[in-house]
Amino acid sequence: MENSIKPIGVFDSGIGGLTVVSEIMRQLPEESIIYFGDTARVPYGSKSRETVTRFAFEGLNFLLARDVKMVVVACNTVSATCLEELRESSPVPVLGVIEPGAKAAVGVTRNKLVGVIGTERTIKSQAYVRAIRKIDPEINIFSKACPLFVPLVEEGWLDNEAAFFTAKTYLLPLKNEGIDTLVLACTHYPLLAATLQAVMGEKVHLVDSAFETAREVGGVLEAAGLKCSVGDRPVYRYFVSDNPAKFIEVGERFLRRPIDPISVIDPEVPFGI
Ligand code: DGL
């Protein structure tokens, strides 16, 4: 198969990576996509570095076995934990979400007070703090792990009372710091954007890395001569490790297109096939 018409592989621990998929579909409509959401083992964000790394390599190997031309690690937790290791062992380009998100935040803040919310592992890793400070060392960063957001999203509770109460409890301390920018440093959080915006107020910019990541995907493909030609018809395929019905129910609501075809795979089987 000609390299440029091969699909882009996108990997996340669950459904949240569809936020990145949605942006790739919008910005690069000719590109085919293979998505793998590890729904059997989500959340990654509360697991150890070793476990996240093992899962990440299984996800990478599954996508490589399906002959993708590049891999997008849509998961912030994986990007914060072992992106370099994945890159070193991959024959195709591997892009994470942290640098694109950090770049977007630095471009948006005016008062240089930036909040970062993510899973426990992402926040503990300080990966966003490093990435933001590398671009602008004067920015003050207030980080907060929000572990209950992921199960809310996986459950499809995006804007009910439970979501609102949880968001208020996590975010009020950040709001009180006077931040003007809040980085949604977790693939799942953009699905809660309306609730988060209501709690933070209209003046606070919510940054999700999906837009910037999709833009960088385009840049990487262009630089490597791997971009599809205009007019190519994309093919989308979805793989999960468990509970496809839930994935379809929540995912279609978000993506506003059919999640079809979808297959269930076991990522612990070598190469997942
Ligand atoms: N995909 C993860 C992330 O972006 C969130 C879900 C999880 O904890 O696995 O950090």
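What you see below is based on every heavy atom in this structure, not just the backbone, and it leaves out hydrogens, waters and symmetry mates. Counting convention: from 1, in listed order, for ligands and their atoms alike.
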Next on the checklist: Could you tell me if the side chain of Thr119 sits less than 4.5 Å from the side chain of Tyr44, heavy atoms only?
Outcome noted: no

Checklist entry - For ligand 1, which atoms have a heavy atom of Asp12 less than 4.0 angstrom away? => result 1 (N)

Checklist entry - atom 8 (O) of ligand 1: which protein heavy atom is closest, and how many Å away? => result Gly45 N, 2.8 Å

Next on the checklist: Is there a polar contact between ligand 1 and Ser13, counting only N or O atoms under 3.5 Å apart?
Outcome noted: yes

Next on the checklist: Only heavy atoms of Val42, strictly under 4.0 Å: list the atoms of ligand 1 that pass.
Outcome noted: 9 (O)

Checklist entry - Using 30° and 60° as the class limits, which term best fits the ring planes of Tyr189 and Phe149: parallel, tilted or perpendicular? => result perpendicular

Checklist entry - For ligand 1, which atoms sit closer than 4.0 Å to a heavy atom of Pro43? => result 7 (C), 8 (O), 9 (O)

Checklist entry - What is the nearest protein non-hydrogen atom to atom 5 (C) of ligand 1, stated with its residue, atom name and distance? => result Cys186 SG, 3.3 Å

Checklist entry - Does any non-hydrogen side-chain atom of Ile117 lie less than 4.5 Å from one of Leu184? => result yes

Checklist entry - Should you measure from each heavy atom of His188, which atoms of ligand 1 turn up under 4.0 Å away? => result 1 (N), 5 (C), 6 (C)

Item to check | Closest protein heavy atom (residue, atom, distance) for atom 10 (O) of ligand 1 | outcome: Thr77 OG1, 2.6 Å

Item to check | Element-labelled atoms of ligand 1 that are located less than 4.0 Å from some non-hydrogen atom of Val150 | outcome: 5 (C), 6 (C)

Item to check | Over 12 foreign heavy atoms within 6.0 Å of NZ, Lys112 | outcome: yes

Item to check | Option from Tyr35, Phe247, Phe62, Phe36 for which ring pair (Phe, Tyr, Trp, His ring centres under 6.0 Å) with Phe239 holds | outcome: Phe62

Next on the checklist: What I want to check is whether the side chains of Arg237 and Ser263 have a donor and an acceptor closer together than 3.5 Å.
Outcome noted: yes

Next on the checklist: So if I count the atoms of ligand 1 from 1 in the order they appear, which ones are less than 4.0 Å from some heavy atom of Thr119?
Outcome noted: 5 (C), 8 (O), 10 (O)

Item to check | 4.5 Å side-chain heavy-atom contact, Leu158 and Thr195 | outcome: no

